[in-house]
Amino acid sequence: MSEHPESPKRRLDLEPDTVERDLIKLVLTVVELLRQLMERQALRRFDEGDLSEDQEERIGLTLMLLDDRMTELRDRYGLRPEDLNLDLGPLGPLLPRE
């Protein structure tokens, strides 16, 4: 016995608000991953003394502005920081828990 194509099991929930929020969540997750990697790289370079005082100031300001913007976007779409942490199953979470 085959299922009718319109049966609930075969239908996807493609509400415009849900699709937009899920897309934003995915994009913000990728941006958050990159932001954390950039932050770790900057801290390593600070510790090694590879940066001039001007470079340190610019990097610090850039990272603060990016963090502020991420907070604004999460708030706009009703997302919490932990909502951006994908569960990778046996590998654990994508982003380190702080």
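Every value quoted in this text rests on a predicted model; they were computed, and no experiment measured them.
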Asks: Donor-acceptor pairs under 3.5 Å, side chain of residues 55-65 to any protein atom, not counting sequence neighbours: which ones?
Replies:
| residue | atom | partner | partner atom | Å |
| --- | --- | --- | --- | --- |
| Gln55 | OE1 | Ser52 | N | 2.8 |
| Gln55 | OE1 | Ser52 | OG | 3.4 |
| Arg58 | NH1 | Asp54 | OD2 | 3.0 |
| Thr62 | OG1 | Arg58 | O | 2.8 |

Asks: Compare every heavy atom of Arg21 with every heavy atom of Leu79, then report the nearest pair and how far apart it is.
Replies: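 So the two residues come closest at CD2-NH2, 3.1 Å.
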
Asks: Just verifying a value: how many Å separate Leu28 CG and Leu23 CG, rounded to the nearest 0.5 Å?
Replies: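 If we round to the nearest 0.5 Å, Leu28:CG and Leu23:CG are 9.5 Å apart.
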
Asks: Sequence neighbours left out, what passes side-chain hydrogen bond (donor to acceptor under 3.5 Å, both in side chains) with Glu72? Give chain and number order.
Replies: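 Here the qualifying residues are Arg69.
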
Asks: Return the set of residues passing side-chain hydrogen bond (donor to acceptor under 3.5 Å, both in side chains) with Asp67 (not counting sequence neighbours), or none when no residue passes.
Replies: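 Partners of Asp67 by the side-chain hydrogen bond (donor to acceptor under 3.5 Å, both in side chains) criterion come out as none, since no residue qualifies.
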
Asks: Just to verify, what does Arg76 make a side-chain hydrogen bond (donor to acceptor under 3.5 Å, both in side chains) with, not counting sequence neighbours?
Replies: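 Arg76: no side-chain hydrogen bond (donor to acceptor under 3.5 Å, both in side chains) contacts found.
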
Asks: Let me check something: do Leu26 and Val19 share a hydrophobic cluster, defined by ILVMFWY side-chain heavy atoms less than 4.5 Å apart, either directly or through other members?
Replies: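 Leu26 and Val19: separate clusters.
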
Asks: Taking salt bridge (charged side-chain N to carboxylate O under 4.0 Å, His left out) as the test, write out the residues that go with Glu53, two or more places apart.
Replies: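 So Glu53 forms no salt bridge (charged side-chain N to carboxylate O under 4.0 Å, His left out) with any residue.
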
Asks: Distance check, rounded to the nearest 0.5 Å: Glu82 atom CD versus Arg74 atom CZ?
Replies: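 If I round to the nearest 0.5 Å, the distance is 8.5 Å.
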
Asks: Out of curiosity, Leu66 CG to Leu34 CG, how far, rounded to the nearest 0.5 Å?
Replies: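 Going from CG on Leu66 over to CG on Leu34, the span is 9.5 Å.
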
Asks: To the nearest 0.5 angstrom, please state how far the CZ atom of Arg35 sits from the CE atom of Met38.
Replies: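 Result: 8.5 Å between the selected atoms.
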
Asks: Quick one: which residue pairs count as a salt bridge (charged side-chain N to carboxylate O under 4.0 Å, His left out) with a foot in residues 42-52, not counting sequence neighbours?
Replies: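 As it turns out, the salt bridge (charged side-chain N to carboxylate O under 4.0 Å, His left out) pairs with a partner in residues 42-52, which skip direct neighbours, are Arg44-Glu48.
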
